[in-house]
Amino acid sequence: MSKSKDFLRTIVENDLKSGKYKEIVTRFPPEPNGFPHIGHAKSIVINFGIANDYQGHCNLRMDDTNPTTEDTKYVEALKDAVEWLGFNWGKSVCFTSDYFPKLYDYAVELIKMDKAYVDSLGEDEIREYRGSVTEDGKRSKYAKRSIEENLDLFERMKKGEFAEGEHVLRAKIDMCADNMKMRDPLLYRIKHAHHFRAGDEWSVYPMYDFAHCLSDYIEGVSHSICTLEFENNRDVYNWVLETLGVELPRPNQHEFARLNINYTVMSKRKLLELVESGQVSGWDDPRLPTIAGYKRRGYTPESILTFCSQIGVAKANSMVDVSQLEFCIRDDLNKKAPRVMCILDPLKITIENYEGRETINAPYYPDDIAKDGLREIPFSKEIYIDRGDFMEQPPKGYYRLTPEQPVRLKHAYIISCKEIIKDANGNISEIKAEYYPESKSGFDTSDIKVKSAIQWVDATQAKTIEVRLYDRLFKDEAPDGLKDINPNSLQVIKNALIEPAVITEKFDERFQFEREGYFYADPIDYTDENPVFNKIVGLKDSWNKKKKTISNTSNKPQTKKVQIDGEVVAMSNKQQALFNRYTVNLGLNNEVANTLARDEKLSNFYEETLTTLNSPVALANIVANEVARELKQIQKDTLKFNAKQISELVKMIDNEIVSNKIAKQIFEQMAKTGENPTKIVEDKGLIQISDPAKILPIIDEIIANNPDNVAKFKAGNKKLLGFFVGQVLKTTDGKANPKVVNSLVTKKLK
RNA sequence: UGGGGUAUCGCCAAGCGGUAAGGCACUAGUUUUUGGUACUGGUAUUCGGGGGUUCGAAUCCCUCUACCCCAUCCA
């Protein structure tokens, strides 16, 4: 299978390896306030998929903390979606509302720790007090309430003694936090609402930030996977669990980018807008990206699953092309769907030299699909073909029926056009044709060459069906709202003609209508009297595409984005002085000097190394690059190594005891353990090999083992030098002197 | 504007200092009684821009730019 793991699986594997968790538990935690869409499918596939991959478990949890928006019908829709996709949540569905009593107790605990307080500020004041992204907030005067008073008030809130909005429970964190979410987030609010499960028992309801982390913890979740917009909430998530001091192991939150697909909308608000405005027929309209919509349209769960695994998981906001989804359903149905003939836009053909009627046996699947199945197709003098399959004046490259060009009726005979009958307006109303009796499919001895075989139906035996052709709902790739809607997203054909076996035999519910696309018997509107088929997706159509590209003179704008360089902040006088000294007196290059001079911690560290070794440039390089990294990660003054050790390391490089490459390795070890570089070198035997006599045999071997790459290199692919050097370094555990190796390899391969 | 993220082909996406994976789309050809399928090839001298470190940088350092998220008693 695919060897590359996504970043979430990498995290999970590391956590398993390090023993952080013994078992992997994930959860899919929607709020039951809307119908699931394909974005939910992505989340389902990730959460259940990871649990399956690592022999863990995934809970289905309804995050039902807001009684005013939620309903049990959404719970059912969500359950249905998970089931349809083939996943199993185990014994029962979890509900955050089941944890309300526990959650309440945790809140009381927080109050007792003086980490939460009842705030009685109004809604507007709370907002005002929160400050803004650039200004600090200020704490409410109610934060000073005593623990006893808070306890009393909170209990009375629960009992329903106060009106909505009168009080809230807030965490006592930091009103000046850079992260706005940490400015004393609300934990509980009063709501005198009926909860669809908890009834009227509660007057206070927990907020997401309080309920979610604790629900995860209560369920023993190890990896709490959510979408990117919750990144800021992670601090609160951890604060609550940390402050409450819950037992280890605790769940950890990880975020991924939500799914976007072009030419459609995914947000609850926009979807609702479509449904309520009547632009679509309901939540299961086949044009909608809802699970119900895809289901109604005829998508298979397998195709959605493949799609989700094909698009991968990452942290970059992205917009997936619909064609990727369409490929998945086409690919799935190609292997599964029986082929039948249906005429969407009938044109009558009378075969003048045919008399009587016959029945043709035709397989449901083409030769390249290893499946059995046969149906009978009636054939007679009068048939219908698709209007698009005849042209009086065809363009170049047209393979179908023309006055000069014969065509095969799929599974039947070859015909050619004898006469075109037109109506008063000059539109073609009928074709008189002639067939070749010896050209019958499977018994063809006619030796007539045709360019294509087209679908047809018998005029008297064909059944009339309704076909609903769906196109993308929006004409804009990233639609904003109703204004971008595609007015032609639904085309209903009331009188399409189909071969009778489809209706009488009901061999399957999904068919390929040959040369048209895949269609699905509508699960709701289909009746025996009025059969209805939905178009799932069209076939790839390279002829149609070719026509378009001929008419459309391709014009690519091909504008390359221009990058504007912003202004660099000016150096302070002190920094400028330092910069001058570094460049002029010590001979550092501008960039390194700049880096050092602008960072006080770095320059201090650098100054310190200078006192122990007189090698300003080499020291500066390692401080500005390697030390800078450590300093960035650790921030504090908790570096495990000191300036003297850096000098020691640089001295070894200067004396060519170790290579730069090895030095990096040593540095890493040093940063981790604080060991002396000389000791690390001794322990691991890292002294570099510069003796050509030792290196040459290795090079010879590698050259002998990689004749292809040698040839490529000699052909001019100079990048491969790195490959050879890399191989030598690899076989010597990085100890070979790369400079020496480089020159030796170059010489050898000349 | 403070903080948190992200940037690799037209669209997704691997890659974590040593030859720029893969899928979709596109394209050329072979097979074909579906202009489908299948098969074979072609598609990034370059990783948002500019510098630096290194024998060697998509990967490390500096810097700039663009986009996304955060100031609901929603989740």
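Note: hydrogens, waters and symmetry copies are ignored here, and every other heavy atom, side chains too, is used. Values in this document were obtained by computation on a predicted structure and should not be read as measured data.
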Look at the side chain of [X] and decide which nucleotide, out of [options], has an atom nearest to it.
{"X": "A/Ala316", "options": "B/rU6, B/rU53, B/rG18", "value": "B/rU6"}
{"X": "A/Leu539", "options": "B/rG18, B/rG36, B/rG3", "value": "B/rG36"}
{"X": "A/Ser323", "options": "B/rC12, B/rG35, B/rC24", "value": "B/rC24"}
{"X": "A/Val133", "options": "B/rC62, B/rA71, B/rC55", "value": "B/rA71"}
{"X": "A/Ser542", "options": "B/rG2, B/rG23, B/rG36", "value": "B/rG36"}
{"X": "A/Asp565", "options": "B/rC12, B/rC74, B/rG49", "value": "B/rG49"}
{"X": "A/Lys410", "options": "B/rU34, B/rG49, B/rC73", "value": "B/rU34"}
{"X": "A/Asn660", "options": "B/rU19, B/rU54, B/rC60", "value": "B/rU54"}
{"X": "A/Glu591", "options": "B/rG3, B/rG35, B/rG52", "value": "B/rG52"}
{"X": "A/Met180", "options": "B/rG36, B/rG2, B/rU33", "value": "B/rG2"}

Could a donor-acceptor pair under 3.5 angstrom be found where the side chain of [X] meets the base of [N]?
{"X": "A/Asn317", "N": "B/rC68", "result": "no"}
{"X": "A/Arg408", "N": "B/rU33", "result": "yes"}
{"X": "A/Lys661", "N": "B/rG18", "result": "yes"}
{"X": "A/Asn232", "N": "B/rG3", "result": "yes"}
{"X": "A/Asn625", "N": "B/rG52", "result": "yes"}
{"X": "A/Gln512", "N": "B/rU34", "result": "yes"}
{"X": "A/Gln324", "N": "B/rG23", "result": "yes"}

Would you measure the distance from the [atom1] atom in [N] across to the matching atom in [M] and give it in whole Å?
{"N": "B/rG48", "M": "B/rC11", "atom1": "P", "value": "13 Å"}
{"N": "B/rG36", "M": "B/rC24", "atom1": "P", "value": "16 Å"}
{"N": "B/rC16", "M": "B/rC26", "atom1": "C1'", "value": "31 Å"}
{"N": "B/rU43", "M": "B/rU54", "atom1": "C1'", "value": "33 Å"}
{"N": "B/rG15", "M": "B/rC60", "atom1": "C1'", "value": "16 Å"}
{"N": "B/rG41", "M": "B/rU53", "atom1": "P", "value": "43 Å"}
{"N": "B/rG5", "M": "B/rG10", "atom1": "P", "value": "29 Å"}
{"N": "B/rA75", "M": "B/rC70", "atom1": "P", "value": "15 Å"}

Query raised in the report: Is B/rU72 syn or is it anti, if syn means the base angle is within 90 degrees of 0?
Result: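 Syn, since the glycosidic angle lies within 90° of 0.
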Query raised in the report: Mind checking who B/rU72 pairs with, Watson-Crick or G-U wobble, both distances under 3.5 Å?
Result: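 The base-pairing partner of B/rU72, which may sit in any strand shown, does not exist here.
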Query raised in the report: What is the pairing partner of B/rU54, taking Watson-Crick or G-U wobble pairs with both distances under 3.5 Å in any strand?
Result: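 Check on B/rU54: unpaired, no WC or wobble geometry under 3.5 Å.
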Across the strands shown, which category fits [X] at heavy-atom distances under 4.0 angstrom: base, sugar-phosphate, nothing?
{"X": "A/Thr595", "result": "sugar-phosphate"}
{"X": "A/Tyr398", "result": "base"}
{"X": "A/Asp368", "result": "base"}
{"X": "A/Gly122", "result": "base"}
{"X": "A/Glu31", "result": "sugar-phosphate"}
{"X": "A/Asn709", "result": "base"}
{"X": "A/Gly722", "result": "base"}
{"X": "A/Tyr188", "result": "nothing"}
{"X": "A/Lys451", "result": "nothing"}
{"X": "A/Arg400", "result": "base"}
{"X": "A/Pro366", "result": "base"}
{"X": "A/Val725", "result": "base"}
{"X": "A/His212", "result": "nothing"}

With a 4.0 Å cutoff (strictly under), does any side-chain N or O of [X] reach OP1 or OP2 of [N]?
{"X": "A/Lys719", "N": "B/rA20", "value": "yes"}
{"X": "A/Arg258", "N": "B/rC69", "value": "no"}
{"X": "A/Lys315", "N": "B/rA7", "value": "no"}
{"X": "A/Lys632", "N": "B/rC60", "value": "no"}
{"X": "A/Lys664", "N": "B/rG56", "value": "no"}
{"X": "A/Arg234", "N": "B/rC69", "value": "no"}
{"X": "A/Ser4", "N": "B/rG22", "value": "no"}
{"X": "A/Thr65", "N": "B/rA75", "value": "yes"}
{"X": "A/Asn717", "N": "B/rU45", "value": "no"}

Report task. Can you measure from NE2 (A/His254) to CD1 (A/Ile46) and round to the nearest 0.5 angstrom? Result ->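 Taking NE2 in A/His254 and CD1 in A/Ile46, the distance rounds to 13.0 Å.
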Query - 5' precedence on RNA chain B between A/Lys540 and A/Arg330 (nearest-nucleotide basis) - result: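 Mapping each residue to its closest nucleotide by heavy atoms, the 5'-most match is A/Arg330.
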Query raised in the report: RNA chain B: A/Thr10 or A/Asp209, which has the more 5' nearest nucleotide?
Result: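 Its nucleotide being nearer the 5' end, the pick is A/Thr10.
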Ignoring hydrogens and angles, state whether a donor on the side chain of [X] or [Y] is under 3.5 Å from an acceptor on the partner side chain.
{"X": "A/Gln455", "Y": "A/Arg515", "result": "yes"}
{"X": "A/Tyr436", "Y": "A/Asp444", "result": "no"}
{"X": "A/Glu656", "Y": "A/Ser690", "result": "no"}
{"X": "A/Ser659", "Y": "A/Asn737", "result": "no"}

**Report entry** Verify stack between A/Tyr208 ring and B/rA75 base, 5.5 Å, 30 degrees
**Finding:** no
Query - Stacked pair A/Phe723-B/rG18, distance under 5.5 Å, angle under 30° - result: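 According to the criterion (under 5.5 Å, under 30°), no, A/Phe723 does not stack.
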Query raised in the report: Under a 4.0 Å N-O cut-off, is there an ion pair linking A/Asp541 with A/Lys545?
Result: no
Query raised in the report: Salt bridge between A/Arg629 and A/Glu626, side-chain N to carboxylate O under 4.0 Å?
Result: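 Salt bridge between A/Arg629 and A/Glu626, a charged N being under 4.0 Å from a carboxylate O: yes.
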Query raised in the report: A/Phe154 and A/Tyr188: aromatic ring centres closer than 6.0 Å?
Result: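 Centroid distance A/Phe154-A/Tyr188: below 6.0 Å, so yes.
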Query - Pair A/Phe230 + A/Tyr208: ring centers closer than 6.0 Å - result: yes
Report task. Of all the heavy-atom pairs spanning A/Ala163 and A/Glu166, show the shortest one and how long it is. Result ->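 Between these two residues, the closest heavy atoms are N-OE1, 2.7 Å.
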